[in-house]
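Just so it is clear, the structure is predicted and the values come from calculations on it, not from any experiment.
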Amino acid sequence: MSAAGYRSRRPDDGPSSIELLKKRVKENKLGGVFLFCGDEEYTKDYYVRVIRSLVKDAPLPEFAYLPFDAEKMTPSDLSDAIDTPPMMWDRKVIEIRNLRPDKCTSEDGEAYAALLENVPDEVTVLILLRADDMPASSGSQKQGDSEKSGKTKKQSGFEAVRKAVETCGLVVEFDSGDVKELVRWIARHFAASKVEISPGLPAEMIDYCGADMYTLQSEISKLCEVYAGKPLTERDVRTYCCSNESAVFFDVADCMNRRDIAGARKILQTVRLTDESVPMSLGYLAGHYQMMLAVKSGLDAGKSIQAIASELKAPSWRVNRAAQSIRTGNVSIERLKFAASVIASADATVKNNRADKAAVMELMIYRICTYGER
């Protein structure tokens, strides 16, 4: 995602959930219930570590930190975990994983909600939702009301859980912040390493490397290693950092997945397609759709992002980005296979030097966006 893709908050929005979390951390008021959700995993992981660190010095940490797998355990098990006093420590952390909104029944949701409303002060309950734990979007308007009604019924159990946390704890949405926040984050990392930088370097990193914070952390480390006492500049970013040109084509894929022809064309206008760049662009798209196919198969099999990344030997951020693109248009495996075949066909066509490469790209977008339409 480019810097322009970051959402900004209005001045009158009030404190964000992350700001409220920071305040709780600063005041050491971390008892009770927390629900971590949203697509931005880097900051989420940081605060997960903060929660876990509450019991890291316990003499018997295995009795102070209790992982709870909602797919294998029951609300009754959670009740036992909450009621059992911490052993040889003044507090206890219970981390609930795999409480997927689309699999939480109404009965379980009500049971969990009742427990979460009565958590003792010495217990911290963290409900951790990864980006892939959230259900897909409702999809196109062509879907029937019955499907939407069924989906609402499936999620009703988790709605009770969320409302309980909103009432008695804190729901923290880890979404992409505005670009100014990301610029400050980059600058703080360099300052912590005592590396001087030019004022424009953070924004240049976002534009050149992308906005994924795990990727940026890696590139910041790379620049710190080459620092030789002279302030780093925008030129150093382009000399030593890896360009994330392929990231823009996930945005193109997002548009095609939600059948947004105009949006895909608008993004491609910024890429300056030429006879030389079209084949490379098709290669990026082909790679992204192959990744989405693999991720979709894994998600349909009930696997986590981490498990899929491990199997594919791919960075978890890239697997997560593919999952986001799939959710954008609620795409089926059939649509992904069709898109991949159309891209492969376009790639074969542009290798014919007589073909109008820009026109081939245009037709490819149209065919993918109109899949299944008569």
Side-chain angles (χ1 to χ4, degrees), residues 16-75 77-100 112 115-133 161 164-165 168-174 185 188-189 191-194 212-214 216-218 220-221 224 304-307 309-310 315-317 320:
S16 69
S17 58
I18 292 182
E19 288 168 344
L20 293 174
L21 176 60
K22 289 178 180 178
K23 186 173 185 291
R24 294 277 295 269
V25 170
K26 184 176 181 180
E27 296 174 352
N28 195 27
K29 295 181 178 179
L30 292 174
V33 188
F34 297 85
L35 168 60
F36 288 0
C37 54
D39 290 335
E40 205 284 282
E41 298 288 3
Y42 182 94
T43 311
K44 186 190 299 180
D45 283 341
Y46 171 80
Y47 284 104
V48 169
R49 291 193 295 271
V50 170
I51 295 292
R52 291 173 180 168
S53 70
L54 295 173
V55 295
K56 69 180 178 64
D57 294 326
L60 297 172
E62 62 271 23
F63 292 103
Y65 169 73
L66 304 177
F68 180 92
D69 189 339
E71 290 184 337
K72 300 176 181 178
M73 305 173 83
T74 67
D77 296 321
L78 179 61
S79 178
D80 293 339
I82 292 174
D83 292 340
T84 303
M87 185 177 295
M88 300 177 66
W89 200 243
D90 59 353
R91 64 174 70 199
K92 177 171 56 179
V93 171
I94 302 171
E95 183 177 320
I96 301 177
R97 309 167 186 165
N98 297 319
L99 185 58
R100 298 178 64 94
Y112 282 125
L115 293 170
L116 297 175
E117 290 170 352
N118 295 282
V119 173
D121 292 339
E122 68 271 15
V123 176
T124 299
V125 177
L126 169 61
I127 304 172
L128 177 60
L129 293 186
R130 293 300 180 186
D132 61 314
D133 289 333
V161 174
V165 181
C168 304
L170 181 63
V171 177
V172 186
E173 300 271 2
F174 290 90
W185 177 83
R188 284 198 302 270
H189 273 64
S193 299
K194 298 182 179 179
D212 179 81
M213 295 173 79
Y214 275 111
L216 287 169
Q217 184 187 43
S218 175
I220 289 169
S221 298
C224 288
S304 68
I305 288 291
Q306 290 72 24
S310 178
S316 59
W317 69 264
N320 184 57

Among I127, V165, L20, which residue meets the side chain to side chain contact (heavy atoms under 4.5 Å, CB included) test with V171? V165
Looking at every non-hydrogen atom in both residues, tell me the closest pair between V55 and Y65 and how far apart they are. CG2-CB, 3.7 Å
Please tell me if the side chains of E117 and C168 come closer than 4.5 Å, counting only heavy atoms from C-beta onward. yes
If you look at every heavy atom in E173 and S17, which pair is closest and at what distance? N-OG, 3.0 Å
Give me the atom names and distance for the closest heavy-atom approach of P67 to M73. O-SD, 4.4 Å
Report, as yes or no, whether the 6.0 Å neighbourhood of atom CG on D121 holds more than 12 heavy atoms from other residues, nucleotides or ligands. no
With a 4.5 Å cut-off on side-chain heavy atoms, are L30 and V50 touching? yes
Heavy-atom closest pair (Y112 atom, A70 atom, distance to 0.1 Å) is OH-CB, 4.1 Å
Rounded to the nearest 0.5 Å, how far apart are CD1 of I96 and CG of L129? 10.0 Å
Sidechain-backbone polar pair: K44 side chain, L128 backbone, donor-acceptor under 3.5 Å: no
Test your reading of the model: is there a side-chain donor-acceptor pair from S310 to the backbone of A307, 3.5 Å cut-off? no
Between CG on residue N320 and CD on residue Q306, distance to nearest 0.5 Å: 8.5 Å
Spell out, as yes or no, whether a donor-acceptor pair under 3.5 Å connects the side chain of T84 to the backbone of D80. yes
Side-chain donor or acceptor of S16 paired with backbone N/O of E19 under 3.5 Å: yes
Quick check: closest heavy atoms across L116 and A164, and the distance to 0.1 Å? CB-CB, 4.5 Å
Heavy atoms, side chains only, cut-off 4.5 Å: are I51 and Y47 in contact? no
So, do D69 and R97 sit near enough that their side-chain heavy atoms are less than 4.5 Å apart? no
To check you understand the geometry: which heavy-atom pair defines the closest contact between E122 and D90, and what is its length? CB-O, 3.5 Å
Is there a donor-acceptor contact under 3.5 Å from the side chain of R24 to the main chain of K29? yes
Do the ring planes of F36 and F174 sit parallel (below 30°), tilted (30 to 60°) or perpendicular (above 60°)? perpendicular
R130 vs D45 side-chain heavy atoms within contact, under 4.5 Å: yes
Between P59 and W89, is any pair of side-chain heavy atoms under 4.5 Å apart? yes
For the residue pair W185 and H189, does the interplanar ring angle fall in the parallel (under 30°), tilted (30 to 60°) or perpendicular (over 60°) class? tilted
